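Shown next, in structure tokens, is the structure this report addresses.
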2 protein chains.
Amino acid sequence: MASRFFLQADRPVVFDPGKMSKVDLFRGERMFVGLNCFEPGQTQHSHVHAGADKFYLILSGRALMVVGEETGEAGPGTVVWAPAEVPHGVVEALERTVMLVAIAPPPR
Amino acid sequence: MASRFFLQADRPVVFDPGKMSKVDLFRGERMFVGLNCFEPGQTQHSHVHAGADKFYLILSGRALMVVGEETGEAGPGTVVWAPAEVPHGVVEALERTVMLVAIAPPPR
């Protein structure tokens, strides 16, 4: 049965052999929630969201990530906080990795 | 080593035998991230956030949850979207349950 409010995060996962892929889950006026999906070795170049707070929660897999001056290995259950104006990215996925991502306010 | 940006979501979990408990993880100007922790049978009364979008991601356990007119059983990996002005709550935790919660903008 279709639901407006309930969703299983592992259902819409999609991998792209060419580059990390994105899946939209929910979008409100003040927050966006989605997935970032990586094959081993894929990256997300370091970038900044002006005026938007963001976090990642690793659902499965393992990745080397960077926020500001910190680099860390993130695995299932790791929350990675990337506040507005602080550069962040995924240096490299060490396994097939799925991350939930939330951004407030939502990207245009 | 202390980190400003990386955190393991299962480390700060705290249960209260008297009622569901809350743990702050990260707070920015535009978004708050925390945990809600329930013992079996504990509830979160239905409530509304005026002007704030929210979602839950169930990290472990199982709970009966309500958003608007929908009631659903949520387990590991379920994302429950509770947009601004829509009443939502936890009818009952069916097991010991931990949920990540994000709210934008943050509660005062």
Side-chain angles (χ1 to χ4, degrees), chain A residues 1-13 23 25-35 49-60 64-88 98 100-106, chain B residues 1-13 23 25-35 49-60 64-88 98 100-106:
Chain A
M1 194 180 66
S3 168
R4 290 172 60 205
F5 303 124
F6 291 73
L7 183 152
Q8 200 61 20
D10 53 357
R11 298 262 167 78
V13 167
V23 177
L25 298 182
F26 294 104
R27 179 183 290 266
E29 275 183 51
R30 297 155 193 89
M31 182 159 48
F32 165 85
V33 192
L35 301 176
H49 296 284
D53 292 333
K54 174 179 176 180
F55 74 91
Y56 303 86
L57 172 75
I58 285 67
L59 297 177
S60 61
L64 193 62
M65 301 183 66
V66 61
V67 183
E69 303 296 309
E70 292 188 28
T71 301
E73 200 176 304
T78 308
V79 179
V80 182
W81 176 246
E85 327 308 338
V86 178
H88 56 275
V98 179
L100 179 134
V101 179
I103 307 176
Chain B
M1 193 182 67
S3 166
R4 289 173 59 204
F5 303 124
F6 292 71
L7 182 152
Q8 199 62 20
D10 54 358
R11 298 261 169 79
V13 167
V23 177
L25 297 183
F26 295 105
R27 179 183 291 267
E29 275 184 51
R30 297 154 193 90
M31 181 158 49
F32 164 85
V33 192
L35 301 176
H49 296 284
D53 292 333
K54 173 178 177 181
F55 74 91
Y56 303 86
L57 172 74
I58 285 67
L59 297 177
S60 61
L64 192 62
M65 301 182 65
V66 60
V67 184
E69 303 296 308
E70 293 188 29
T71 301
E73 199 176 304
T78 307
V79 180
V80 182
W81 176 244
E85 327 308 339
V86 178
H88 56 276
V98 179
L100 179 135
V101 178
I103 306 177

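Numbered from 1 within each chain, the chains take letters A, B, ... in sequence-line order. These figures come from a predicted structure and were not determined experimentally.
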What verdict does the side chain to side chain contact (heavy atoms under 4.5 Å, CB included) test give for L57(B) and V33(A), after you've listed the backbone C-alpha separation in whole Å, the side-chain angles of each residue and the deciding distance to 0.1 Å? CA-CA 11 Å; L57(B) 172 74; V33(A) 192; over 6 Å; no

Heavy-atom closest pair, residues Q8(B) and T78(A): OE1-OG1, 2.7 Å

For side chain to side chain contact (heavy atoms under 4.5 Å, CB included), just list the numbers for F6(B) and M65(A), CA-CA rounded to whole Å, side-chain angles, deciding distance to a tenth of an Å, and then say yes or no. CA-CA 9 Å; F6(B) 292 71; M65(A) 301 183 66; 4.1 Å; yes

Which region of L100(B), side chain (C-beta onward) or backbone (N, CA, C, O), has a non-hydrogen atom less than 4.5 Å from a non-hydrogen atom of chain A, or is it both or neither? side chain

Is chain B contacted by the side chain of R11(A), its backbone, both, or neither, given a heavy-atom distance below 4.5 Å? neither

Pick one of side chain, backbone, both or neither for S60(B), based on which atoms fall under 4.5 Å of a heavy atom in chain A. neither

Counting heavy atoms not belonging to E85(A), are there more than 12 under 6.0 Å from its CD? yes

Working for side chain to side chain contact (heavy atoms under 4.5 Å, CB included), residues L25(B) and F55(A): CA-CA 11 Å; L25(B) 297 183; F55(A) 74 91; over 6 Å; no

Between A102(B), P76(B), G51(B), which has the largest tally of heavy atom pairs under 4.5 Å with chain A? G51(B)

Need one label for A82(A): side chain, backbone, both or neither, based on atoms under 4.5 Å from any heavy atom in chain B. neither

Least distance between heavy atoms, V79(A) atom then A9(B) atom: CG2-CB, 3.9 Å

Atom of M31(B), atom of M31(A) and distance for their closest heavy-atom approach: SD-SD, 3.7 Å

By a 4.5 Å heavy-atom criterion (distance strictly below it), what part of L7(A) contacts chain B: side chain, backbone, both, or neither? both

Set out, in order, the CA-CA distance, both residues' side-chain angles and the distance that settles side chain to side chain contact (heavy atoms under 4.5 Å, CB included) for F5(A) and V86(B), then state yes or no. CA-CA 10 Å; F5(A) 303 124; V86(B) 178; 4.1 Å; yes

Closest heavy-atom pair and its distance - R30(B), A84(A): NH1-CB, 3.6 Å

